[in-house]
Amino acid sequence: MDTTLERTLRDIYASTEAIAVVGATPDPEKPGNFIPRYLQSQGYRIVPVTPSHDEVFDVSTYAALSEVDVPVDVVEVFRPASEASGIVRDAIALGVKVVWLQLGIVSEEAAAIGRQAGLTVIMDRCMGATHRELGLGPRS
């Protein structure tokens with residue numbers, strides 16, 4: 001990993017308190033569950049966004065990102081790339097500074113929309129694995 005990217009990633013984790021998880025799921029077999037659960041165990045506040053469930057991670061959910069009414073620092077996306085542009089637009093309206101598209105999710109259109117609005121956009125990278133790769137522990 002190049003030093004500029006590593007610095008950017010470390011800054012994201014250091015400045016993040018709350019993560020809105022679009023595509024959160026109660027299914028422990030899916031990344032939309034075990035990755036946010038890991039991040040929650042590291043001290044990040046998880047704000048689950050899913051229209052399919054009323055509660056995930058012992059937290060009430062929001063049906064859509066546009067309905068989130070609490071402060072959020074990062075929007076973490078576990079939805080298909082075809083939905084990413086709309087999610088990024090909602091993230092911009094929410095006022096977040098970072099959109100993180102999980103491993104396997106790539107949308108150059110979404111990245112361009114986000115970057116044009118001044119957001120940091122991370123694509124095709126696991127937020128949990130990256131946290132471990134950087135050797136970061138729980139938030140203090």
Side-chain angles (χ1 to χ4, degrees):
M1 175 182 320
D2 82 26
T3 56
T4 302
L5 175 59
E6 181 175 344
R7 188 171 29 252
T8 297
L9 294 171
R10 286 183 180 280
D11 288 347
I12 290 169
Y13 291 108
S15 63
T16 295
E17 292 183 21
I19 303 168
V21 179
V22 180
T25 177
D27 184 343
E29 302 296 315
K30 293 188 175 181
N33 178 282
F34 60 80
I35 293 166
R37 190 168 295 283
Y38 165 77
L39 292 167
Q40 187 179 46
S41 78
Q42 298 301 299
Y44 298 97
R45 186 168 47 84
I46 301 299
V47 178
V49 179
T50 177
S52 306
H53 306 281
D54 293 332
E55 188 177 278
V56 180
F57 318 120
D58 301 321
V59 178
S60 295
T61 64
Y62 292 87
L65 191 58
S66 60
E67 296 177 9
V68 172
D69 60 359
V70 295
V72 171
D73 303 298
V74 174
V75 171
E76 181 181 24
V77 180
F78 290 91
R79 298 295 304 153
S82 61
E83 297 178 24
S85 294
I87 293 168
V88 168
R89 287 184 183 97
D90 288 343
I92 293 165
L94 191 58
V96 303
K97 300 295 181 212
V98 178
V99 173
W100 193 301
L101 304 180
Q102 273 299 124
L103 193 62
I105 305 171
V106 176
S107 171
E108 295 301 335
E109 177 188 10
I113 292 167
R115 289 178 183 134
Q116 186 172 16
L119 273 62
T120 299
V121 179
I122 307 295
M123 285 193 298
D124 195 24
R125 181 178 285 274
C126 176
M127 194 169 185
T130 301
H131 184 269
R132 286 188 298 269
E133 179 184 336
L134 293 171
L136 302 173
R139 291 186 87 250
S140 46

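Worth saying up front: this structure is predicted, and the values here are computed from it rather than measured.
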Which residue pairs satisfy the ring-ring contact (aromatic ring centres under 6.0 Å, His included) criterion with at least one member in residues 79-109, sequence neighbours excluded? Tyr13-Trp100
Side chain to side chain contact (heavy atoms under 4.5 Å, CB included) filter on Gln42, not counting sequence neighbours, yields Tyr38, Tyr44, His131, Pro138
To the nearest 0.5 Å, atom CZ of Arg125 lies from atom CD of Gln102 at 11.0 Å
Determine which pairs satisfy side chain to side chain donor-acceptor pair (under 3.5 Å) with at least one residue from residues 45-62, sequence neighbours left out, and list them in order. Tyr62-Asp69
Should Met127 and Ile46 be counted in the same cluster of Ile, Leu, Val, Met, Phe, Trp and Tyr side chains packed under 4.5 Å apart? yes
Interatomic distance, CD1@Ile105 vs CD1@Ile87, rounded to 0.5 Å, equals 8.0 Å
Could you check whether any side-chain heavy atom of Leu9 comes within less than 4.5 Å of a side-chain heavy atom of Glu133, counting everything from C-beta outward? no
Work out which heavy atom in Cys126 is nearest to a heavy atom in Ile35; give both atom names and the distance. SG-CD1, 3.4 Å
Could you list the residues that satisfy side chain to side chain contact (heavy atoms under 4.5 Å, CB included) with Ala84, not counting sequence neighbours? Leu101, Ser107, Ala110
Treat each ILVMFWY residue as a node, draw an edge where side-chain heavy atoms are under 4.5 Å apart, and state whether Val106 and Leu119 are in one component. yes
Hphob cluster co-occupancy, Val121 + Val22, side-chain heavy atoms under 4.5 angstrom: yes
Taking side chain to side chain contact (heavy atoms under 4.5 Å, CB included) as the test, write out the residues that go with Asp2, two or more places apart. Thr4, Leu5
Nearest heavy-atom pair of Phe57 and Pro36: which atoms, and what distance? CZ-CB, 3.5 Å
Only pairs at least two apart or in different chains count here, so list each salt bridge (Lys or Arg N to Asp or Glu O under 4.0 Å) that has a residue in residues 3-16. Glu6-Arg10
Any Val88 side-chain heavy atom under 4.5 Å of Val77 side chain: no
With side chain to side chain donor-acceptor pair (under 3.5 Å) as the rule and sequence neighbours excluded, what pairs involving residues 14-28 come up? none
Would the distance check show the side chain of Asp124 and the main-chain N or O of Leu103 forming a donor-acceptor pair, the cut-off being under 3.5 Å? no
Are Val96 and Leu65 co-members of a hydrophobic cluster defined by side-chain heavy atoms under 4.5 Å apart? yes
Tell me, please, which residues at least two apart from Ser85 pass side-chain hydrogen bond (donor to acceptor under 3.5 Å, both in side chains). Glu109
What pair of heavy atoms forms the shortest contact from Gly128 to Leu39, and how long is it? CA-CD2, 4.4 Å
Those residues at least two apart in sequence (or on a different chain) that pass side chain to side chain contact (heavy atoms under 4.5 Å, CB included) with Ala63 are Pro51, Glu67
Using the rule that two of Ile, Leu, Val, Met, Phe, Trp, Tyr join whenever any of their side-chain heavy atoms come within less than 4.5 Å, decide whether Ile19 and Ile12 are in one cluster. yes
For Val56 and Pro48, the nearest pair of non-hydrogen atoms, with its separation, is O-CG, 3.6 Å
Give every residue pair that meets the salt bridge (Lys or Arg N to Asp or Glu O under 4.0 Å) criterion with at least one member in residues 77-104, sequence neighbours excluded. Arg79-Glu83
Which residue pairs pass the ring-ring contact (aromatic ring centres under 6.0 Å, His included) test when at least one of the two sits in residues 70-98, sequence neighbours left out? none
